[in-house]
Q: 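Here you go, one structure.
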Amino acid sequence: MSLNKSLEYARNLQEKYEFYLVALTFTILGLSIQTAKFGNNIYADIAEILGWFFLLSSGVFALMRLEMLPVAYKNSARITFLKEETKDLQDQQVKGASYVVLSDHNMKKVSIQTAIIDRQTAISTAEPTLKALEKCLIIKYYLHKWGFIIGSSLLVIARSLDPISKILTQLY
């Protein structure tokens, strides 16, 4: 399998996993709200409500992350395109070209050096934006993941406190 096919497969698998986890988060939240029974144990009630809060937060962070992923992909593709275009322009310059006609200059003939500098400036402007966006996406991913883990754990605790206390009472 070629590198591009492997990357495409990995990205496709990652997207499916992310959509599944978002759906699972909201499904568990909805089912836990519908089946909640309060009043038997104050600690179970607190754990249940905290579990809902963490699951809701997890789902919201996941949705915010999914909303920003296309922006990150678009910026990454733009930077890749600009780098390739810069390399092509540099290759043309090495071959002796002095001028080039570019669509972003209204199809006017411009100095190849000016075109290269324009591309390099655009890259240096876009890269910090992409890095900041990627950092934000990573933070949202961890908030989503840990919110899901904590929320699910709190629900397990809330739903198991009464049965565990009954078992312990009968054993001792």
Side-chain angles (χ1 to χ4, degrees), residues 1-90 103-104 118-165:
M1 192 181 292
S2 71
L3 181 61
N4 285 340
K5 289 271 187 194
S6 295
L7 287 173
E8 184 179 332
Y9 178 73
R11 185 177 7 212
N12 189 6
L13 197 60
Q14 180 69 28
E15 288 171 357
K16 288 177 182 177
Y17 169 77
E18 289 175 5
F19 285 126
Y20 169 76
L21 198 54
V22 172
L24 181 63
T25 301
F26 283 113
T27 300
I28 291 172
L29 175 62
L31 287 173
S32 67
I33 290 171
Q34 286 180 331
T35 60
K37 292 181 179 126
F38 291 104
N40 294 338
N41 185 325
I42 187 75
Y43 300 111
D45 294 350
I46 292 169
E48 181 91 20
I49 292 169
L50 284 174
W52 294 351
F53 170 76
F54 277 98
L55 285 174
L56 179 62
S57 299
S58 171
V60 169
F61 282 119
L63 290 175
M64 290 168 57
R65 183 172 182 270
L66 288 175
E67 179 183 28
M68 295 308 296
L69 277 174
V71 176
Y73 283 130
K74 184 178 169 183
N75 284 340
S76 178
R78 180 171 181 264
I79 290 169
T80 300
F81 174 77
L82 288 169
K83 286 181 178 180
E84 289 172 359
E85 194 174 32
T86 302
K87 186 181 179 325
D88 290 342
L89 289 168
Q90 289 169 336
S103 60
D104 60 338
D118 284 352
R119 297 317 181 259
Q120 290 171 337
T121 302
I123 292 167
S124 64
T125 302
E127 283 181 331
T129 302
L130 180 60
K131 285 186 192 306
L133 185 57
E134 287 172 344
K135 184 178 178 182
C136 184
L137 289 171
I138 290 168
I139 290 168
K140 287 177 183 173
Y141 171 75
Y142 283 115
L143 290 170
H144 167 57
K145 181 175 97 171
W146 286 105
F148 178 79
I149 291 168
I150 293 168
S152 299
S153 299
L154 285 167
L155 287 179
V156 168
I157 291 167
R159 301 291 173 106
S160 65
L161 276 179
D162 282 341
I164 288 173
S165 67

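Note: hydrogens, waters and symmetry copies are ignored here, and every other heavy atom, side chains too, is used. All values reported here derive from a predicted model rather than from experimental measurement. We count residues from 1, following the sequence as given.
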Q: Within a 6.0 Å radius of atom CZ on F26, are there more than 12 heavy atoms belonging to other residues, nucleotides or ligands?
A: yes

Q: Taking CZ in F81 as the centre, count heavy atoms belonging to other residues, nucleotides or ligands within less than 6.0 Å. Is the count above 12?
A: no

Q: I'd like to check Q90 versus R119 (side-chain heavy atoms, cut-off strictly below 4.5 Å). Are they in contact?
A: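 The answer is no; the side chains never approach within 4.5 Å.
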
Q: Using a cut-off of 6.0 Å, state whether more than 12 heavy atoms not belonging to K131 lie near its atom NZ.
A: no

Q: To the nearest 0.5 Å, how far apart are OG in S58 and CG in L21?
A: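 Going from the OG atom of S58 to the CG atom of L21 covers 6.5 Å.
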
Q: Hey, are the side chains of F54 and L155 touching, using non-hydrogen atoms and a 4.5 Å cut-off?
A: no

Q: Please test F38 against I49 for side chain to side chain contact (heavy atoms under 4.5 Å, CB included), starting from the C-alpha separation and ending with a verdict.
A: CA-CA 10 Å; F38 291 104; I49 292 169; 4.0 Å; yes

Q: Is any side-chain heavy atom of V60 closer than 4.5 Å to one of M64?
A: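 Side-chain contact under 4.5 Å: yes.
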
Q: Could you tell me the separation between the OH atom of Y20 and the OG1 atom of T27, rounded to the nearest 0.5 Å?
A: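 Between atom OH of Y20 and atom OG1 of T27 there are 9.0 Å.
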
Q: Measure the shortest side-chain to side-chain distance between F19 and L66 over non-hydrogen atoms and say whether it is less than 4.5 angstrom.
A: yes

Q: Look up atom OG1 in T129 and atom CD1 in I79, then write down how far apart they are to the nearest 0.5 Å.
A: 8.0 Å

Q: Could you give the distance from CG (L29) to CG (L24), rounded to the nearest 0.5 Å?
A: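 Between L29 CG and L24 CG, I get 11.0 Å after rounding to 0.5 Å.
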
Q: Flag the pair L69 / E18 as yes when at least one side-chain heavy-atom distance between them is below 4.5 Å, and no otherwise.
A: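 In contact.
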
Q: I'd like to know whether CD of E8 has more than 12 heavy-atom contacts from other residues, nucleotides or ligands below 6.0 angstrom.
A: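 No, CD of E8 has 12 or fewer neighbouring heavy atoms, counting only those of other groups under 6.0 Å.
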
Q: Can you tell me how far the CG atom of L133 sits from the CG atom of L137, to the nearest 0.5 Å?
A: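 These two atoms lie 4.5 Å from each other.
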
Q: Does T25 have any side-chain hydrogen bond (donor to acceptor under 3.5 Å, both in side chains) partners at least two apart in sequence or in another chain, and if so, which?
A: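 T25 satisfies side-chain hydrogen bond (donor to acceptor under 3.5 Å, both in side chains) with no other residue.
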
Q: Checking the side chain of S76 only, and the main-chain atoms of A72 only, is there a donor and an acceptor separated by less than 3.5 Å?
A: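 Checking the backbone N and O of A72 against the side chain of S76, no donor-acceptor pair under 3.5 Å is found.
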
Q: Please determine whether the number of non-hydrogen atoms from other residues, nucleotides or ligands lying under 6.0 Å from atom OH of Y142 exceeds 12.
A: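 No, OH of Y142 has 12 or fewer neighbouring heavy atoms, counting only those of other groups under 6.0 Å.
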
Q: Measure across H144 and G59 and return the closest heavy-atom pair with its distance rounded to 0.1 Å.
A: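 Of all heavy-atom pairs spanning H144 and G59, the closest is ND1-N, 4.4 Å.
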
Q: Only distances under 3.5 Å count here; give the side-chain donor-acceptor pairs of residues 40-48 to other protein atoms, sequence neighbours excluded, each with its distance to 0.1 Å.
A:
residue : atom : partner : partner atom : Å
N41     : OD1  : Y43     : N            : 2.8
N41     : OD1  : A44     : N            : 3.4
D45     : OD1  : G39     : N            : 3.4
D45     : OD2  : G39     : N            : 3.1
E48     : OE1  : R159    : NE           : 2.9
E48     : OE2  : W52     : NE1          : 3.2
E48     : OE2  : R159    : NE           : 3.4
E48     : OE2  : R159    : NH2          : 2.8

Q: Quick one: pull up CD in E127 and CG in N75 and give me the separation to the nearest 0.5 Å.
A: 11.0 Å

Q: Would you confirm whether S152, through its side chain, and I149, through its main-chain N or O, come within 3.5 Å as a donor-acceptor pair?
A: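 No, S152 side chain to I149 backbone: no donor-acceptor pair under 3.5 Å.
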
